[in-house]
Amino acid sequence: MAAVELRGFGWRHAGRKRWAVRRLDLRVESGERVLLLGPSGAGKSTLLAALAGLLPEDSGQQEGTVEIDGLDPRKGRERVGIVFQDPESHLVMARSGDDVAFGLENRGVPSAEIWPRVDEALRRVGFPYDRDRPTAALSGGEQQRLALAGVLALRPHLLLLDEPTANLDPAGAALVRSAVAGALDADTTLILVEHRVADALPLVERVVVLEPGGGVRADGTPDEVFRVHGDALAAEGVWVPGRTVPPRRATTAPGDPLVTADRLGLPPRLAATDLTVRAGEALAVLGPNGAGKSTLALLLGGLLRPGGGTVTASPALAGRDARTPPHRWRAPALAGRIGSVFQDPEHQFVTSTVFDELALGPRRTGRPEAEIRSTVDGLLDRLRLGALARANPYTLSGGEKRRLSVATALATAPRLLVCDEPTFGQDRRTWRELVDLFAELRDAGHGVVTVTHDPDFVAALADRQLTLERP
């Protein structure tokens, strides 16, 4: 049994003026399946962390109470399983099977039961390898499946899922949803945060929408919430089924090539691939998890040495370095020409404040300080990060981290932008801001490459698609 009760609950992270969540009264009965929605920054991930007992008393300020079956969640963690937005935060072992077994061993599950439960959990999430697959060799989407397997193997009473399909291909996302549906016993409580709302609805019976200023915005069955509040919620940034976003078509034809890849590869992660990215063009790179999409993005961005083939930049992009492959350019030159956005935003944060993170690239390229401040202020305002300028990047919500990582790449106004899953964790409003930003860059003559599993993003922006297959 796992009933959830919050009374006047609030949490403010240490060093932050703004409360992540506040004045929240909510009860979830044992066995209920709840979809938790709200604009980016409304406190969804913080609430899940609180329910999982992962908000230490010395890491922030709490008001009100949160209980699971009358217990403080910090004293009942064995009842709860959580899958975070960042799958890497789950990985603790070198081999995939050992990683799933780790939690079972910690719980004292008899050894004879461990490996059958590991194998069953891996099968249910569609994990494509055996137990011996190195965790370091997994793609982001494969890591997500492994993280979910580790939680399902524990058979928790309360299952908390924070965008469990964010970095998965459509087939993998369907497998995960099927695994979740099959894992829910009659008394298993589910609280799910998911921006793929239409796909998530078959898993839930209740929708709760958080108000960014505090409290609950709407609560009821999916039909009630979206029928009564749909238009208002969509305007406030909540994804509402059936509300589409108009596409941003290119205003001019693509220009000359900026970068060309000829038989580019990095065995065994990426098979030989040919492509050309042109000025004024948005190219979407698609394909299943494990096909090498993230590897291709790093190669195009000059951040990996090719294992085969070549990457050739045009004089329009590289100037006098056109004869030199991007991975051999000096760092300031690379930052000014090619902006890269990693799949995991935290992999590119190196400073202690959001403002300094955005200013770092322009400073490295020698821009005047007044110009830097103007650029940073503009990006903060455009991507709704202004109130977080002095916050530590690592304390942001998942969606805020993603917008910051995109903004750091935009800060140097690179001629070529290479983004890996740029829209995960975004509400409807910030998603549209990103689409508009990329469209404006493209229409101004920049090249935009996006690795993505977001079909709406492809429909809204992409001029051309490249689909990779597994090596």
Side-chain angles (χ1 to χ4, degrees), residues 250 252-266 269-270 272-285 292-343 347-348 350 358-368 371-372 375 379 405-420 422 437-451 461-464 466 468:
T252 60
D256 295 330
L258 293 175
V259 66
T260 301
D262 182 24
R263 304 298 294 169
L264 179 65
L266 188 65
R269 294 156 60 181
L270 175 68
T273 301
D274 299 323
L275 67 84
T276 298
V277 184
R278 304 178 188 280
E281 177 183 53
L283 171 67
V285 179
K293 301 183 298 299
S294 295
T295 299
L296 176 61
L298 293 172
L299 291 167
L300 290 176
L303 301 173
L304 275 181
R305 176 192 293 271
T310 61
V311 179
T312 304
S314 70
L317 176 65
R320 63 173 181 264
D321 287 335
R323 295 179 179 273
T324 305
H327 73 273
R328 293 178 55 191
W329 295 348
R330 295 177 63 250
L334 181 64
R337 296 166 181 164
I338 304 178
S340 290
V341 177
F342 302 154
Q343 188 176 79
H347 286 178
Q348 62 194 95
V350 295
L358 291 173
L360 181 64
R363 283 172 178 157
R364 283 180 170 174
T365 58
R367 306 273 179 87
E371 180 184 332
I372 292 171
T375 297
L379 287 169
S405 66
V406 172
T408 60
L410 295 174
T412 57
R415 190 73 190 281
L416 176 63
L417 182 64
V418 182
C419 298
D420 196 345
L437 262 175
F438 292 152
E440 290 166 14
L441 279 174
R442 175 197 60 195
D443 295 343
H446 299 248
V448 179
V449 179
T450 56
V451 169
L461 182 73
D463 305 307
R464 187 162 56 89
L466 171 69
L468 302 183

Leu437 vs Val406, side chain to side chain contact (heavy atoms under 4.5 Å, CB included): CA-CA, chis, key distance, verdict: CA-CA 10 Å; Leu437 262 175; Val406 172; 5.6 Å; no
Side chain to side chain contact (heavy atoms under 4.5 Å, CB included) partners for Leu304, two or more places apart: Leu266, Arg269, Thr295, Leu298, Leu299
With Ser340 via side chain to side chain donor-acceptor pair (under 3.5 Å) - residues at least two apart: none
Taking every non-hydrogen atom, the tightest pair across Arg415 and Ala279: NH2-CB, 3.6 Å
Contacts of type side chain to side chain donor-acceptor pair (under 3.5 Å), residue Arg367, not counting sequence neighbours: none
Atom pair CG/OG1 of Leu334 and Thr365 - distance to nearest 0.5 Å: 12.0 Å
Over all atoms of both residues, closest heavy-atom pair of Leu258 and Gly447: CD1-N, 3.6 Å
Closest contact, heavy atoms only, Arg278 versus Pro257: NH1-CG, 3.5 Å
Listed partners of Asp463 passing salt bridge (Lys or Arg N to Asp or Glu O under 4.0 Å), at least two apart: Arg442
Minimum heavy-atom distance between Thr375 and Ala411, given as atom pair plus value: CG2-O, 3.6 Å
Non-neighbouring partners of Ala359 that pass side chain to side chain contact (heavy atoms under 4.5 Å, CB included), sequence neighbours left out: Phe355, Arg363, Ile372, Val376
Any pair counted as side-chain hydrogen bond (donor to acceptor under 3.5 Å, both in side chains), so long as it reaches residues 405-414, sequence neighbours left out: Gln348-Thr408, Arg402-Ser405
For Arg328, side chain to side chain contact (heavy atoms under 4.5 Å, CB included) partners two or more places apart: Thr324, Pro325
Set of side chain to side chain donor-acceptor pair (under 3.5 Å) partners for Asp262, sequence neighbours left out: none
Of all pairs that satisfy salt bridge (charged side-chain N to carboxylate O under 4.0 Å, His left out), the ones with a partner from residues 331-340, not counting sequence neighbours: Asp321-Arg337
Side chain to side chain contact (heavy atoms under 4.5 Å, CB included) partners of Arg464, counting only residues at least two apart: Glu281, Leu283
Straight-line distance of Thr260 OG1 to Leu317 CG, nearest 0.5 Å: 10.5 Å
Side chain to side chain contact (heavy atoms under 4.5 Å, CB included) between Val285 and Leu468, intermediate numbers included: CA-CA 7 Å; Val285 179; Leu468 302 183; 4.1 Å; yes
Heavy-atom side-chain proximity of Pro326 to Ile338 below 4.5 angstrom: yes
Within residues 298-312 or reaching into it, pairs that qualify as side-chain hydrogen bond (donor to acceptor under 3.5 Å, both in side chains) - sequence neighbours excluded: none
Asp274 CG: over 12 foreign heavy atoms closer than 6.0 Å: yes
Distance-minimising heavy-atom pair for Ala335 and Pro414: O-CB, 4.4 Å
pair Thr273-Leu466: side-chain heavy atoms closer than 4.5 Å: yes
Distance, nearest 0.5 Å, that separates CG of Leu303 from NE2 of His327: 11.0 Å
By side chain to side chain donor-acceptor pair (under 3.5 Å) - contacts of Arg263 (at least two apart): none
Minimum-distance pair of heavy atoms, taken over all atoms of Pro306 and Leu264: CB-CD1, 3.6 Å
Close side-chain approach of Leu275 to Leu300, heavy-atom, < 4.5 Å: yes
Test item: Glu371 and Pro362 side chains (from C-beta on) under 4.5 Å apart, heavy atoms: no
